[in-house]
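Scroll down for the structure; my scribbles are underneath it.
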Amino acid sequence: VTLVSFHPEGHQFVTRTGNGKVSIWDTKSLKCIKTLESTKGYYCPVAFSHTGESLAIKYENEVHIFDSETYLKKETLHTTSDRIALFYFK
């Protein structure tokens, strides 16, 4: 596991592995409840919004925004750089 981000309410967390696999985990049971598409890149950030409504995941030159309840993709933001190492929601 190369990255971990916790949901603000503490009931879930997301991990990213070195091979790009992104998994959503239940904090109490420690069971994987969802796996999202794999990504390229060893260190690409993941972050929950401060409200817990969204999850952002960096994929090469894009940031994908997912609904954190259904984990369906809501939006894709295109970037001009593949060197984004950290982001946060306002």
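Every heavy atom of this structure was used, including side-chain atoms; hydrogens, water molecules and symmetry mates were not.
- Residues passing the side-chain hydrogen bond (donor to acceptor under 3.5 Å, both in side chains) test with Lys34: none are found, sequence neighbours excluded.
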Can you list the steps and then say if Leu36 with Leu55 is a side chain to side chain contact (heavy atoms under 4.5 Å, CB included)?
-> CA-CA 11 Å; Leu36 301 174; Leu55 173 67; 4.2 Å; yes

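- Closest approach of Ser68 and Ser54 over heavy atoms only: OG-N, 3.7 Å.
- Between the side chain of His78 and the backbone N or O of Glu62, no donor-acceptor pair lies under 3.5 Å.
- Partners of Thr27 by side-chain hydrogen bond (donor to acceptor under 3.5 Å, both in side chains), not counting sequence neighbours: none found.
- Legend: residues meeting side chain to side chain contact (heavy atoms under 4.5 Å, CB included) with Thr35, ordered by chain and number and at least two apart, are Lys21, Ser23, Cys32.
- Between Phe13 and Leu30, the closest side-chain pair of non-hydrogen atoms falls below 4.5 Å.
- Contact of the Thr15 side chain with the Ile24 side chain is not registered, since no non-hydrogen atoms from C-beta on lie closer than 4.5 Å.
- Every residue meeting the side chain to side chain contact (heavy atoms under 4.5 Å, CB included) condition with Lys73, not counting sequence neighbours, appears here in chain and number order: Glu37, His64, Phe66, Thr76.
- Thr17 contributes no side-chain N or O that, together with a main-chain N or O of Val1, makes up a donor-acceptor pair within less than 3.5 Å.
- Between Phe48 and Pro8 there is a side-chain heavy-atom pair separated by less than 4.5 Å.
- Across every non-hydrogen atom of Lys74 and Asp67, the tightest pair is CG-N, 3.6 Å.
- Remark: Tyr71 engages no residue in a ring-ring contact (aromatic ring centres under 6.0 Å, His included) (not counting sequence neighbours).
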